[in-house]
Amino acid sequence: METASFNGFLKTLVYIVAFYYIFKFLARIFLPIVVKKVVDKAGQNFQQQYQNTHTSHTTSNREEIVIDTSNATKPRETKKVGEYVDFEELD
C-alpha cells in the first residue's frame, strides 16, 4: 500500500490544469466548426422537408367530398348506460 505524497498531489494537479487548458484551447478551435456543420445539416433537413410537403400539396389531386344527408334526417338514439344516482353526504 502506497502512501500519498505531496509530489504526487502536485503532479496530479498540474495534469488536471493542463488538461483543462488544452481542452479549452481545442474547443475554441473545433467547436465553431462542429456547430456550423450541425446547423447547416439541420437547415438542409428543414429545407428538404419543406420541399417534400410543398410539392406533395401542389401535385396531389383534389377530390371532392360529397356527404349524403338523406339518412341524416332521423335523430340518433343515445345509448343508456345506466341510471343516475345522486349521493348525499352523511354527517
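For clarity, every value in this text was computed on a predicted model and none was experimentally measured.
Atom CD of Gln47 and atom CG of Asn52 lie 10.5 Å apart (nearest 0.5 Å). Rounded to the nearest 0.5 angstrom, Asn45 CG and Gln48 CD are separated by 6.5 Å. Distance check: Leu26 CG to Arg28 CZ gives 11.5 Å after rounding to the nearest 0.5 Å.
Paired with Lys36 under the rule side-chain contact (heavy atoms from CB on, under 4.5 Å), one option of Ile33, Val38, Val34, Asp40 passes, and it is Asp40.
When the side-chain contact (heavy atoms from CB on, under 4.5 Å) test is applied to Leu10, the partners found at least two apart in sequence or on another chain are Phe6.
Criterion: ILVMFWY side-chain heavy atoms under 4.5 Å apart, direct or through other members. Under it, Phe30 and Ile22 are part of a common hydrophobic cluster. Both Val17 and Tyr20 belong to a common hydrophobic cluster when Ile, Leu, Val, Met, Phe, Trp and Tyr are linked at side-chain heavy-atom distances under 4.5 angstrom.
Considering all non-hydrogen atoms of both residues, Ala27 and Pro32 come closest at O-CD, 3.6 Å.
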